[in-house]
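Have a look at the structure below, then the notes.
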Protein chains: 2
Amino acid sequence: MAACTVHTTTQFLNTQCHISSSSKSHLGHFPQKQQLVIFRRRRSSQCVITCRAVGGDHDQTVVIGLAADSGCGKSTFMRRLTSVFGGTAEPSKGGNPDSNTLISDTTTVICLDDYHSLDRNGRKEKGVTALDPRSNDFDLMYEHVKALKDGVSVEKPIYNHATGLLDPPELIKPPKILVIEGLHPMFDPRVRELLDFSIYLDISNEVKFGWKIQRDMAERGHSLGSIKASIEARKPDFEAYIDPQKQYADAVIEVLPTQLIPDDNDGKILRVRLIQKEGVKHFSPSYLFDEGSTISWIPCGRKLTCSYPGIKFSYGPETYYGHEVSVLEMDGQFDKLDELIYVESHLSNLSTKFYGEVTQQMLKNADFPGSNNGTGLFQTIIGLKIRNLFEQIIASRAKTPVGAAQAEREPAIVHIEKGRL
Amino acid sequence: MAACTVHTTTQFLNTQCHISSSSKSHLGHFPQKQQLVIFRRRRSSQCVITCRAVGGDHDQTVVIGLAADSGCGKSTFMRRLTSVFGGTAEPSKGGNPDSNTLISDTTTVICLDDYHSLDRNGRKEKGVTALDPRSNDFDLMYEHVKALKDGVSVEKPIYNHATGLLDPPELIKPPKILVIEGLHPMFDPRVRELLDFSIYLDISNEVKFGWKIQRDMAERGHSLGSIKASIEARKPDFEAYIDPQKQYADAVIEVLPTQLIPDDNDGKILRVRLIQKEGVKHFSPSYLFDEGSTISWIPCGRKLTCSYPGIKFSYGPETYYGHEVSVLEMDGQFDKLDELIYVESHLSNLSTKFYGEVTQQMLKNADFPGSNNGTGLFQTIIGLKIRNLFEQIIASRAKTPVGAAQAEREPAIVHIEKGRL
């Protein structure tokens, strides 16, 4: 076990696990550049004490926030992201089969539903939705993200979507890339501050309705009436607590009905906008033809033929919640491989490593929803952007002075019976 | 004097100058690959007999047709074209000071008004406009263009715009590039057939009215009422005889009021469309970003700032009188040099010889009308296209078998008293 110093942010910890300074001696000597962190193990009599490095000279976890309503394609996005890194995100082996966590070589995706402070019954009793901040433990969320970012393992609760109950926690080790996905990754200012990059999936009501029906009716056996009622019931809280987070996102993927077919209500063909914030460190927006100008482009023509209603791209500078952004838009869908590669060849600043990598990713994951439209395309591009961001952060650390202390990637964990310290 | 054979197309010549086969002996022996051509010298008792080479193996003149109503920028276009070739088109020294012909090292521009068969009084007497084919001698026009194209000098009449009379003819030697500009270069099918490239300047009524006022009032001292009356009087014939020629043009420059300012009636800011026919030999249309697709582009943005109302480009495939065309459009005007070079750097297939040549040409001729808008830009591009076309024709001739006879560039001319043959 590594020796530790007392952590300075104990005010966020559950008071059941506070540590008296006289107890320090029980834990031995704490060398410089190490800190002690303690967490209460939920619904157990144990406290967890770990050590973490102090300062920015360790192999810090890159933290990505992904916000969206439920049923809005977060998990597809995650699968695309981990695919970009060459791995497959899977539930931890031997753990709770209802765990929401997905782990790959580089990436750990945690679902923020796990920070529900109220389970389904609790919410029902108090008359609050899962969208309401009162149903969520932001203190613990912050503490965990901060710990993981600093290279410290945490014992994260599990919200069981099947039962609606909070299951016993699972151990989360600090990954290279931590993705926190869910309803509130940018809600709490402390959590927001920890994010190296943030994405908001903004699905318009028309499209969301279509998707929900498909997922909740077909896959989860809900009735049309209950879906409609659920959407209506969620609306006020969604607008109050979820939607405003998009102003903080570095990238927003906005999904709207097509404009290629007048008065289209089918909702099968989508117009997707990738809103990219300017001036974000390690993030350089993708563009079409001429960076910073305003362009519309219908690639279908003499060189490329497309089936009805075709494909239309747009690009240009805009202002979004007072921020300068560059917006890349795709309306329509790909029918053939040559359309996809043709489009890719005319997009710039994609952060690919070789010509055609976007197309290769889209083909590799052709069975994922949205692989023939802007959702898949822009999710893939954002995946590449995150890889690029990660590599830039790693590279910038490699430039720090030689001899800077490197913390161990696997901090020790001490289990202490409640009240024993 | 070169010996000649009797020309086979005597049916188009003025009967006063027909030549009997018995007269052939007067002219001596006619070697193979030579033909005799005779023309009546207008209002004189002389016939002109010249020799020309037979077949396509001589240094044939490239013929360009430029059609437009009067006061529509033909002369500015011609100055831009000759500027591209590095020379200045000037009236022939020592000739009729009212000659309409402009001559540079490479290019001779003849005004088709010179083929008016009726002078101003004659038209008044017969109640026909200059636009009416009956006011024009298409037989002579054809014969002259054909002769010049074949390397034969001609004695071309001069229509004196100052007096409204037909002046004594002037000698036109076959140039490298012959431009026939005026009301009817594509009207007669025989003349049309001789054109290697044709351009129509299509000025919308709103813009034309503004231009006519500026030129005819300011420069020619006409009254507003007389200009309006003249436009109205010309309209039916214009629509019957001039306008339909645009369907035959390889390139049309369409000049319209801006769409950047809603309901703009000022007419100072122009929307200009360059309609480029597809499949024309030695002519490859210019394009924006992606050949054959449909694009709109507002270059003014983060990298380039423009003053109100900005600049907007469009590009795309269209159908024009049943032909496939590619249309490049510019709305707005350049205020600064950096706007011009920025735009040039994003246009492709300009047939320039070095980066920035379009901008250089536009700056060199900055005092020409339209140098800050699409008329100047597209006239310059078409000038470069004509240079390219000329060079391609020359190059394709250079590939013809060595040993093919080369005709002399200065055919002999015989003057024969009327009736002497």
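Lettering of chains follows the sequences in order, A, B, ..., and the numbering in each one begins at 1. Remember, predicted model here, so these are calculated numbers, not experimental data. Just so it is clear, the values below take in all heavy atoms, side chains as well, and ignore hydrogens, waters and symmetry mates.
- Remark: A:K312 NZ is loosely packed, at most 12 non-hydrogen atoms of other residues, nucleotides or ligands lying under 6.0 Å away.
- Heavy atoms closer than 4.5 Å to chain B are found in the side chain of A:E278, but not in its backbone.
- Around the NZ atom of B:K364, the shell of radius 6.0 Å holds more than 12 heavy atoms that belong to other residues, nucleotides or ligands.
- Annotation: side chain of A:W297 is in contact with side chain of B:D290 (closest heavy-atom distance under 4.5 Å).
- No more than 12 heavy atoms of other residues, nucleotides or ligands sit less than 6.0 Å from atom NZ of A:K281.
- Contact count versus chain B (heavy atoms, under 4.5 Å) is highest, among A:L288, A:V325, A:L304, for A:V325.
- In this structure, no portion of A:S314 lies under 4.5 Å from any heavy atom of chain B.
- In the model, A:S293 has no side-chain atom that pairs as donor or acceptor with a side-chain atom of B:R302 under 3.5 Å.
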